[in-house]
Amino acid sequence: MPIVIKLNKNDNVAVSCERLKKGDIVLEKILILQEIDLAHKIAIQKIRCGEKIIKYGVSIGSATKDINEGEHVHTHNIKSDYIKHKIC
Amino acid sequence: MLGYLREDGKKGVRNVILVCYLVECAKFVCEKIVSKFDDDIQLVGLSGCYPNEYTFNILKAITTHQNVGAVLLVSLGCECFDKKALYKAIIKSGREVEILTIQENSGTKQSIKIGSLWVEEAITKIKKVPREDIRVDELVIGTICGGSDGMSGISGNPAVGKAFDRFIEDGARCIFEETGELIGCEHIMANRAVNKKVAKDLLYAVQKAERYYTTMGHGSFSDGNATGGLTTQEEKSMGAYAKSGSSRISGVLKPSLYPKSKGLFLLDVVPDGKELWAFPNPNDTSEIIELIASGAHIVLFVTGRGSVVGSGISPVIKICANPDTYKKLEEDMDINAGKIIKGEATIEDIASEIYDIVLDVCGGKQSKSEILGHREFALGYKYFDNKINCF
């Protein structure tokens with residue numbers, strides 16, 4: 001089984017330790033839906049639009065659309081919340 | 001662990017002699033003196049001739065550090081550095097100290113001769129420094145990451161963070177940095193502050209860093225970061241921040257200030273005031289020296305691409321985040337955190353390895369950079385207001 005790391009027990013994403021292929025199974029039961037590069041993130045549960053992305057046990061941004069379990073999590077489907085902090 | 005008990009009550013894990021040049025013009029003489037000895041004789045110093053409070057404070061902290069037994073201050077004679085004030089501070093700390101002034105000692109050859117004789121005597125004297133048990137709750141441990149890559153934030157840094165949690169639980173003082181790499185996670189970090197004042201100090205330190213680096217024309221998030229799998233500013237910073245662990249943050253330190261209590265501290269390395277001092281720390285060695293000046297007995301250095309530097313004052317332990325780098329640079333690396341990436345060890349396993357090696361090295365075992373003879377030192381100009389620390 002390819003290796004991914006879940007950095008904190010509360011995380012809803014994991015990080016790939018090798019290039020993942022569509023159809024790979026990680027963390028025993030999660031089906032990878034597309035090719036994912038080394039050190040990129042995968043959703044390990046369904047994440048709804050607007051929900052926080054949790055990595056290291058903290059929010060690293062919010063989902064801009066619904067994300068399925070096993071899907072690549074990156075600039076196309078999440079955004080930083082830090083920019084908002086700075087405007088406020 | 002057996003430490004070296006200093007007259008000021010501090011305990012060291014090494015017993016080194018420093019040969020310290022007070023201006024670049026005195027460096028050659030110092031190098032010649034140091035080259036005559038195989039013992040723990042280390043070259044440190046200040047290149048610039050201008051007076052500056054920060055460089056004075058760093059040299060004072062370094063020359064009275066727990067790991068230092070004796071200091072030879074080498075002056076050309078006309079530099080602006082206040083050598084008498086430094087001499088007095090070292091005397092007060094109970095360390096052996098002497099000032100050697102080249103212009104008053106008939107020049108290069110004679111100064112090398114006198115300096116070498118003094119060091120020879122100092123070697124005998126510091127052998128008499130009493131040894132006493134040093135406990136984990138008496139240790140100051142610093143951490144830095146450099147030569148980072150995509151692996152640092154998911155293997156080496158979280159492992160150091162877990163080790164830090166254990167050290168803090170056991171009563172140690174732990175210090176992390178670097179404020180410029182924490183831009184984006186200051187609000188997350190502030191939530192871990194022990195009180196509102198510390199939360200405010202943490203926010204201030206990172207916001208100052210952001211302002212400073214922006215003025216220097218140095219952005220925080222690059223396209224390369226995104227290619228490497230990082231999506232947001234806060235995510236990138238969390239990678240560096242992970243080495244701080246999950247303990248409460250007890251305060252913000254300025255370089256050369258010793259942590260007042262047990263617990264976790266952020267070292268604020270970015271100068272106060274106007275952006276006048278070029279890049280705050282132009283290399284990893286400057287940061288290592290600031291951690292040591294703030295009291296670190298030992299420095300945990302996480303590297304992905306493979307840094308090789310060390311220090312002659314406090315041992316540096318290399319934690320290699322990337323398994324391929326470890327293979328290539330095994331001779332320089334103390335810990336292979338790349339095993340986490342390969343699925344051969346958990347973050348907790350590597351944290352335990354780090355905890356154990358810190359105790360071994362504090363107990364006298366040499367780190368890889370010590371065995372190889374690394375003794376880098378760097379010190380530039382900065383300004384810090386050590387009194388005011390909030391808005």
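Residue numbering restarts at 1 for every chain, and letters A, B, ... go by the order of the sequence lines. Just so we're clear, the structure is a prediction, and the values are computed from it rather than from any experiment. Quick note: numbers below take in every heavy atom, side chains included, and nothing from hydrogens, waters or symmetry partners.
- Identified by a heavy-atom distance below 4.5 Å to chain B, the contributing residues of residues 57-68 of chain A are A:Val58, A:Ser59, A:Ile60, A:Gly61, in residue-number order.
- Neither the backbone nor the side chain of A:Ile53 comes within contact range of chain B; no heavy atom of the residue lies under 4.5 Å from a heavy atom of that chain.
- Looking at A:Asn8 and A:Ile54, their side chains never come closer than 4.5 Å, going by heavy atoms from C-beta outward.
- The neighbour count for A:Lys46 NZ, taken as heavy atoms of other residues, nucleotides or ligands under 6.0 Å away, is above 12.
- Taking 4.0 Å as the cut-off between side-chain N and carboxylate O, A:Asp81 and A:Lys79 count as a salt-bridged pair.
- The closest side-chain donor-acceptor pair between B:Glu186 and A:Tyr82 falls under 3.5 angstrom.
- Each of B:Leu266, B:Leu291, B:Ile141 was scored for a side chain to side chain contact (heavy atoms under 4.5 Å, CB included) with B:Phe176, with one residue passing: B:Leu266.
- Between the side chains of B:Arg192 and B:Ser244, at least one donor-acceptor pair of N or O atoms lies under 3.5 Å.
- Using a 4.0 Å cut-off between a side-chain N of Lys or Arg and a carboxylate O of Asp or Glu, A:Lys41 and B:Glu235 qualify as a salt bridge.
- Both the backbone and the side chain of B:Ile341 come within less than 4.5 Å of a heavy atom in chain A.
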Donor-acceptor list for residues 142-163 of chain B side chains, cut-off 3.5 Å, not counting sequence neighbours:
| unit_1 | atom_1 | unit_2 | atom_2 | d |
| --- | --- | --- | --- | --- |
| B:Thr143 | OG1 | B:Leu300 | O | 3.0 |
| B:Asp149 | OD1 | B:Met151 | N | 2.9 |
| B:Asp149 | OD1 | B:Ser152 | N | 3.3 |
| B:Asp149 | OD2 | B:Asn322 | ND2 | 2.8 |
| B:Ser152 | OG | B:Asp149 | N | 3.1 |
| B:Ser152 | OG | B:Asp149 | O | 3.4 |
| B:Ser155 | OG | B:Met151 | O | 3.0 |
| B:Ser155 | OG | B:Ala321 | O | 2.8 |
| B:Asn157 | ND2 | B:Gly239 | O | 2.8 |

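- Using a 4.5 Å cut-off between heavy atoms, B:Ser237 makes no contact with chain A at all.
- Residues of residues 342-357 of chain B lying under 4.5 angstrom from chain A, judged on non-hydrogen atoms, are B:Lys342, B:Gly343, B:Ile347 in numerical order.
- Remark: B:Glu287 pairs with no residue by the salt bridge (charged side-chain N to carboxylate O under 4.0 Å, His left out) rule, at least two apart or across chains.
- Neither the backbone nor the side chain of A:Val4 comes within contact range of chain B, judged by heavy atoms closer than 4.5 Å.
- Using cut-offs of 30° and 60° for the angle between ring planes, the A:His72 and A:His76 rings count as tilted.
- Side chain of A:His74 to main chain of B:Thr227: no donor-acceptor pair is present (N/O by atom type, distance under 3.5 Å, no hydrogens or angles).
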